[in-house]
A.B. asks: 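Take a look at this one; I'll ask things after.
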Amino acid sequence: MKLFTQKLLQQPQVCFDTETTSLDPLEANLVGLAFSWEAHKGFYISLPEDQEETSEILSELKAFFQHEGIEKVGQNLKYDLKVLHRYGIEVKGPCFDTMLAHYLINPDMRHNLSVLSETYLNYTPIAIETLIGKGKQKISMREVALDQQVAYAVEDADLCFQLAQQFKTELAAAGNESLFVDMEAPLLRVLAGMELEGINLDVAFLNELSVTLDKDILQLEKDIYEAAGETFNIASPKQLGDILFGKMQLVEKPKKTKTGQYSTAEDVLSYLAKEHKIIADVLAYRGLAKLKSTYVDALPLQVSAQTGRVHTDYMQTVAATGRLSSNNPNLQNIPIRTERGKQIRKAFIPRDQEHLLLAADYSQIELRIIAALSEEDNMIAAFKEGADIHAATAAKVFNVPLESVSREQRSHAKTVNFGIIYGVSAFGLSNQTDLSRAESKALIDTYYESYPKLKAYMNSQVNFARENGYVETVLGRRRYLKDINANNAIVRGAAERNAVNAPIQGSAADIIKLAMIAVQKALDDQKLRTKMLLQVHDELVFDVYKPELEQVKALVKSAMENAFTLTVPLDVELGVGENWLEAH
DNA sequence: GAAGTCACG
DNA sequence: ACGTACGTGACTTCA
């Protein structure tokens, strides 16, 4: 063991891979460790079931894992870091994660090791199912014969090591080394820390909510069955459509889905809700049922038995634009828009009486980015003055003084401002507002006349994509758009909207990622007890140790606003409270 | 496992 | 004349 560690310490770069008993890092026990630092070669250390013995063996490897000078190569290193953390090992030194590297090389592809091996090494690795089976028959890696463990684990480490060499070349070719080294790789550690920390959930409060929701759901159910003249499954779109549009014939020409069913989607039903009480009831039922099943009843089941807290898993290689995603549970789509939904936010609370939740939101970051990138002076000026951007837009497009902009005008301007980022059409806008197609078209035309450089910028992005096959963010994160020159106008249109949207959404993602790294560094440097817990695209949430509140507020605001310099200032709004709703 | 729906930014 | 706003994840139904 000593000799092996000595050997490891002589390498500039080592790939390692953990074999464990669970995909959940908080539950996973180590079964073995594979290493490779030379193509086609590797080693496997089998670890005993006795956790104390395993810890002793690991302590012999600490010098390697904690060595700042040795690059650690791996596939999805966030997982391995989290597992090793539970054994008291903090992995140090640069991380080269092949999954992350490939995400930068081509974000729209998949990034699992078998796909990567097949694509880049022309080799299909042993599938894990051949060892542990799948579904009900699945066994633990611990029960797999040692020779099979070795073959599988060493192969993975070897392939990963080989892929790393290729990906370094590819990253350099695209000019994405810094994006990897200075952003995605450091972020992996930040995310691991946030996930291990988890957030406190008021389960008793959610259980009370569940009871009151249930009462209201049952009442709505009763009313719906009465109006329908029969009982049926309201949650079945098929049955619901047959009742509303087949049996009751509430409209003459019901909209259908692509499979020929009656559509019962929200935007279809909400048109009819005023005329038919049953439809209003169905919408209310759906809303409450969604809250109950997806959040109120599901979240308490996600509280870890190990920590008593909720630990999401941030996916760093899923969203094609560079955003994170969150799952098991998804903490990036907790309700906030409706009154009933807001109640759920109250269940996210500080870790104890000595802490408060702090929420820090970028204000209008995507609009600021499009203003800066397009160099649209009218919009830039509005942001520099700290104006209400939607009101300022309304004043321009409706040609009225700022102070006489009506609520309705502001609301329409807001819809267009958001729509622009997505590449809205007159049809889309008229669907989102009470405006007709013609009114929508006029509004969009006036919008571009008011902000002429915006339109020029959007065209330039499409042209760039046509010529280069990709678009990029402020930090050079690429998204390839293979359909940008397609003959099919629908397919091409979608690619053109992506050409505009991806750099905007992706640049916002770049900026908050830089901010997260800066904030974490500041928290570490200043040796604070405050923890960063959540990221929701343009928002960060913290468990703040009360005595640190003023220091942390200043630090977070400054780190976020200065994460990246645009020709438009970035603005961060802070909120503090006894729960996530209050912190908004 | 696909389809439909709906929660968020 | 065409179809129609970007990016996600989770739940339920149903074949």
Side-chain angles (χ1 to χ4, degrees), chain A residues 107-108 232-241 256-270 282-283 285-299 301-302 312-315 317-338 340-342 344-345 361-367 370 415-433 437 440-441 444 471 479 487-506 508-509 512 534-539 580:
Chain A
D108 280 286
F232 63 100
N233 189 343
I234 309 166
S236 163
K238 188 175 180 302
Q239 294 181 38
L240 178 64
K256 302 236 178 141
T257 67
K258 59 185 167 203
T259 55
Q261 275 186 54
Y262 295 121
S263 171
T264 66
E266 210 252 355
D267 58 339
V268 173
L269 294 192
S270 48
V282 165
L283 286 171
Y285 170 92
R286 282 235 188 104
L288 299 187
K290 173 97 178 177
L291 294 181
K292 186 168 189 289
S293 67
T294 307
Y295 305 100
V296 176
D297 290 349
L299 284 170
L301 303 177
Q302 296 272 2
T312 187
D313 190 1
Y314 288 106
M315 301 282 108
T317 61
V318 170
T321 54
R323 273 191 177 184
L324 299 177
S325 79
S326 156
N327 65 24
N328 298 310
N330 183 353
L331 297 185
Q332 290 181 323
N333 74 345
I334 302 302
I336 193 161
R337 291 172 189 171
T338 67
R340 272 331 248 290
K342 280 181 179 175
I344 292 162
R345 290 220 167 201
D361 280 70
Y362 278 112
S363 162
Q364 310 294 354
I365 188 165
E366 294 193 352
L367 273 180
I370 201 170
T415 310
V416 191
N417 271 334
F418 282 120
I420 289 306
I421 294 168
Y422 306 144
V424 75
S425 63
F427 177 89
L429 185 62
S430 68
N431 266 346
Q432 287 294 315
T433 61
R437 284 274 279 280
S440 297
K441 183 175 183 322
I444 292 170
V471 287
R479 182 170 186 190
N487 288 319
N488 183 324
I490 296 153
V491 173
R492 190 176 63 245
E496 287 170 358
R497 290 193 294 275
N498 280 331
V500 174
N501 176 264
I504 306 299
Q505 192 181 116
I512 196 167
L534 305 177
Q535 190 253 41
V536 193
H537 310 306
D538 62 359
E539 172 187 8
W580 196 4

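Residue numbers begin at 1 in each chain, while the letters A, B, ... track the order of the sequences.
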A.B. asks: Just to verify, what does A:Ser440 make a side-chain hydrogen bond (donor to acceptor under 3.5 Å, both in side chains) with, not counting sequence neighbours?
C.D. replies: none
A.B. asks: Using side-chain hydrogen bond (donor to acceptor under 3.5 Å, both in side chains) as the criterion, list what pairs up with A:Thr257, not counting sequence neighbours.
C.D. replies: A:Thr259
A.B. asks: List for me each residue that meets salt bridge (Lys or Arg N to Asp or Glu O under 4.0 Å) alongside A:Glu366, sequence neighbours excluded, and say none if there are none.
C.D. replies: A:Arg323
A.B. asks: My understanding is that only residues two or more places apart in sequence, or in another chain, count here; which of them pass ring-ring contact (aromatic ring centres under 6.0 Å, His included) with A:Tyr262?
C.D. replies: A:Phe245
A.B. asks: I'd like to compare against my own output: the B/S/- annotation of nucleotides 8-15 of chain C with a strict under-4.0 Å heavy-atom distance to protein.
C.D. replies: SBBSSSS-
A.B. asks: Would you please name every residue forming a salt bridge (Lys or Arg N to Asp or Glu O under 4.0 Å) with A:Asp313, sequence neighbours left out?
C.D. replies: A:Lys78
A.B. asks: List the atom pairs, donor and acceptor, that lie under 3.5 Å between side-chain atoms in residues 415-424 of chain A and the rest of the protein, sequence neighbours left out.
C.D. replies:
from	atom 1	to	atom 2	distance (Å)
A:Thr415	OG1	A:Ser411	O	2.9
A:Asn417	OD1	A:Tyr447	OH	2.6
A:Asn417	ND2	A:His390	ND1	3.0
A:Asn417	ND2	A:Thr393	OG1	3.1

A.B. asks: What residue pairs, at least two apart or across chains, pass salt bridge (charged side-chain N to carboxylate O under 4.0 Å, His left out) with a residue in residues 418-429 of chain A?
C.D. replies: none
A.B. asks: Go through the structure and list residues passing salt bridge (Lys or Arg N to Asp or Glu O under 4.0 Å) with A:Arg497, not counting sequence neighbours.
C.D. replies: none
A.B. asks: First and last nucleotide of DNA chain B in contact with chain A, 5' to 3', at under 4.0 Å to a heavy atom: what are they?
C.D. replies: B:dA3 to B:dG9
A.B. asks: Toss me the dot-bracket line for DNA chain C: Watson-Crick and G-U wobble, both under 3.5 Å, 5' to 3', using | for pairs to another strand and [ ] for crossers.
C.D. replies: .....|||||||||.
A.B. asks: Please enumerate all residues that pass salt bridge (Lys or Arg N to Asp or Glu O under 4.0 Å) together with A:Lys342, with sequence neighbours excluded.
C.D. replies: none
